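Below is one structure, written out as structure tokens; comments come after it.
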Number of protein chains: 2
Amino acid sequence: MDGVPRVPESHLAARRDQILDAATARFAANGFQATGMADVIAASGLSAGAVYRYFRSKDELIAAIVERVVGAAAARFEQLLEDDAAPDPAEAVAAAVEMVAELTTRGPVDLSRVAVQAWGEALRNPGVHAVVDPAYRTMRGYFVEIARRGQAAGRFPADADPLHLGATMMSSVFGFVLQRLLLGDVDPAAYAAALRVTWAGAPSTTG
Amino acid sequence: MDGVPRVPESHLAARRDQILDAATARFAANGFQATGMADVIAASGLSAGAVYRYFRSKDELIAAIVERVVGAAAARFEQLLEDDAAPDPAEAVAAAVEMVAELTTRGPVDLSRVAVQAWGEALRNPGVHAVVDPAYRTMRGYFVEIARRGQAAGRFPADADPLHLGATMMSSVFGFVLQRLLLGDVDPAAYAAALRVTWAGAPSTTG
DNA sequence: CCGTCAAGAACGGTCGTTCGCTTTACAGTG
DNA sequence: CACTGTAAAGCGAACGACCGTTCTTGACGG
């Protein structure tokens, strides 16, 4: 019945990535809403029909891109926890910032620009929020765990709230990304060094 | 000859504010680009022609709104500096977060939602960036000054970079705003308390 | 020769903005 | 204080452009 003329699945995935890469570049440059599908389609090198074969709507394309960007970052943080190393809070925050800086700027497009656009989009687009929320919760969960261990080691008061301690660590990452993009004069290494200074003050039982 | 029919200037300003208030509410709810002028016009209770009498374009309206929101916050930070009090870095950061939390949520619309939208918009709209950049530079300047005084008081190493120390403090504010909106489980008082814990560790020469 | 993939013209709808008209409110006048 | 001239203030239908999406058509491989 089916004459099944199938293109190798790897080629389909490559096409999908081709669209995602092109759309990521355009969205990073011009935001989600201000970028038209015609722009994305032209950048992808394909046709409108082809793009709509792989993504049913612009919203689905946006969600897929946000998922790829914040999902990759969340995966890195999860890996840090599974490695089961127990760095100082100071070291954990500084290393996380350096990791995010490297992760977002290694490719041809600055993925942190997409992340900032995703923040705004998540406030109005439930589909994007549903992607962003668990990803950032995972990342913050890493810091919350670091905070708990810090409490166990006597670096933080035992009665402090680990969730909010973790939230302040998470802020160091968000704030770095934002200030680097908006103000342009924040250097990853210098920022990480400053973090090590400000977080190093807490008393430690191990040294 | 001229019957100069002038409406009192206060009435003109009131109309302008009426438009700004309505547009702020719509933009806070739906973002700048995804909100149409028709939506703004309907919310303002005026007509298209009237709105376009006070603002020459949507971009000008957006810039005016962003200016009002981030400008008000920047003014508060400038005032803190002029008061010439020299709080601990810990106290300065915690108080700043509580001030921003109160400032953005006191009115009928959450202004921090507009701020997050402005971050994304500033990445693609030079006019918005030109408004956002100096405002946030002013706010960070407050923290940089706090960092300098902290160094003078021996709370930070003398060879640390005050700009990046200030940047990490600024991150505490950005990160609070973002996590409260995206994750929804960050409490201002508890977050400020956590900040006081984590920043209190640095050695002090005065106590 | 069937089914898949890609192409791109075309679609209805919505966008930001304009413009000609009406209404409003005040200064001058007697 | 009533009247009137005049320009600002307001209105809203209408505009061209562009939006995201669909659909017809053709090419190609099994």
Side-chain angles (χ1 to χ4, degrees), chain A residues 1-24 26-27 29-66 117 121 124-125 127-128, chain B residues 1-24 26-27 29-66 117 121 124-125 127-128:
Chain A
M1 185 174 293
D2 46 0
V4 193
R6 196 61 61 82
V7 162
E9 189 168 341
S10 65
H11 192 251
L12 294 185
R15 285 287 208 220
R16 206 184 132 94
D17 283 347
Q18 176 182 350
I19 296 168
L20 283 174
D21 289 344
T24 299
R26 299 312 303 137
F27 288 150
N30 215 26
F32 292 116
Q33 299 301 326
T35 301
M37 283 302 287
D39 192 355
V40 169
I41 289 161
S44 74
L46 295 177
S47 67
V51 168
Y52 272 88
R53 181 176 302 281
Y54 291 91
F55 299 94
R56 269 181 290 189
S57 69
K58 185 184 184 180
D59 270 5
E60 189 175 303
L61 178 60
I62 291 172
I65 286 175
V66 172
Q117 299 292 344
E121 187 68 13
R124 58 166 296 276
N125 184 333
V128 169
Chain B
M1 185 174 295
D2 47 358
V4 190
R6 196 60 60 84
V7 157
E9 191 168 337
S10 65
H11 193 250
L12 294 185
R15 285 289 207 221
R16 204 184 134 94
D17 283 347
Q18 175 181 350
I19 296 169
L20 283 174
D21 289 344
T24 298
R26 298 312 304 135
F27 288 150
N30 215 26
F32 293 116
Q33 299 301 326
T35 302
M37 283 303 287
D39 192 354
V40 169
I41 289 160
S44 74
L46 296 177
S47 67
V51 169
Y52 271 88
R53 182 175 299 280
Y54 290 91
F55 299 95
R56 268 180 293 190
S57 68
K58 185 184 182 181
D59 270 6
E60 189 175 302
L61 178 59
I62 291 173
I65 286 175
V66 173
Q117 300 291 344
E121 187 68 13
R124 57 165 298 274
N125 185 332
V128 169

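Nothing here was measured: the structure is a model prediction, and the numbers come from that model. To find a chain, count down the sequence lines: A is the first, B the second, and so on, and within it residues start at 1.
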Side chains of residues 43-55 of chain B: which donor-acceptor pairs under 3.5 Å do they make with residues two or more places apart or in other chains?
| residue | atom | partner | partner atom | Å |
| --- | --- | --- | --- | --- |
| S44(B) | OG | I41(B) | O | 2.7 |
| S44(B) | OG | L46(B) | N | 3.1 |
| S47(B) | OG | A50(B) | N | 3.3 |

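- The closest side-chain heavy-atom distance from L61(B) to L20(B) is below 4.5 Å.
- If you take CD1 of I19(B) and C1' of dC11(D), they are 13 Å apart, rounded to a whole angstrom.
- Residues T35(B) and K58(B) share a closest heavy-atom pair of O-NZ, 2.8 Å.
- Rounded to a whole Å, the CD1 atom of I41(A) is 16 Å from the C1' atom of dC5(C).
- Across all strands, Y54(B) comes closer than 4.0 Å only to sugar-phosphate atoms, never to a base (heavy-atom distances).
- Judged by distance alone, with hydrogens and angles left aside, R15(B) brings no side-chain donor or acceptor close enough to the base of dA9(D) to form a pair under 3.5 Å.
- The interatomic distance linking Y52(B) (OH) with dA9(D) (C1') rounds to 18 Å, in whole Å.
- A donor atom on one side chain and an acceptor atom on the other are not found under 3.5 Å apart for Q117(A) and Q33(A).
- Atom CD of E60(B) and atom C1' of dT17(C) are 13 Å apart (whole Å).
- Rounded to a whole Å, the CZ atom of R56(B) is 11 Å from the P atom of dT18(C).
- We find that CZ of R53(A) is positioned 12 Å from C1' of dC23(D), with the value rounded to whole Å.
- For the pair G31(A) and R124(B), the tightest heavy-atom approach, listed with the atom from each and the gap, is N-CD, 4.2 Å.
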Below 3.5 Å between N/O atoms, which protein atoms pair up with nucleotides 12-19 of chain D? Just atom names and distances, please.
| residue | atom | partner | partner atom | Å |
| --- | --- | --- | --- | --- |
| dG12(D) | O6 | G49(B) | N | 3.1 |

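- F27(A) CZ to I65(A) CD1: the interatomic distance, rounded to the nearest 0.5 Å, is 5.0 Å.
- One can place CZ of R16(A) at 18 Å from C1' of dA6(C), the figure rounded to the nearest angstrom.
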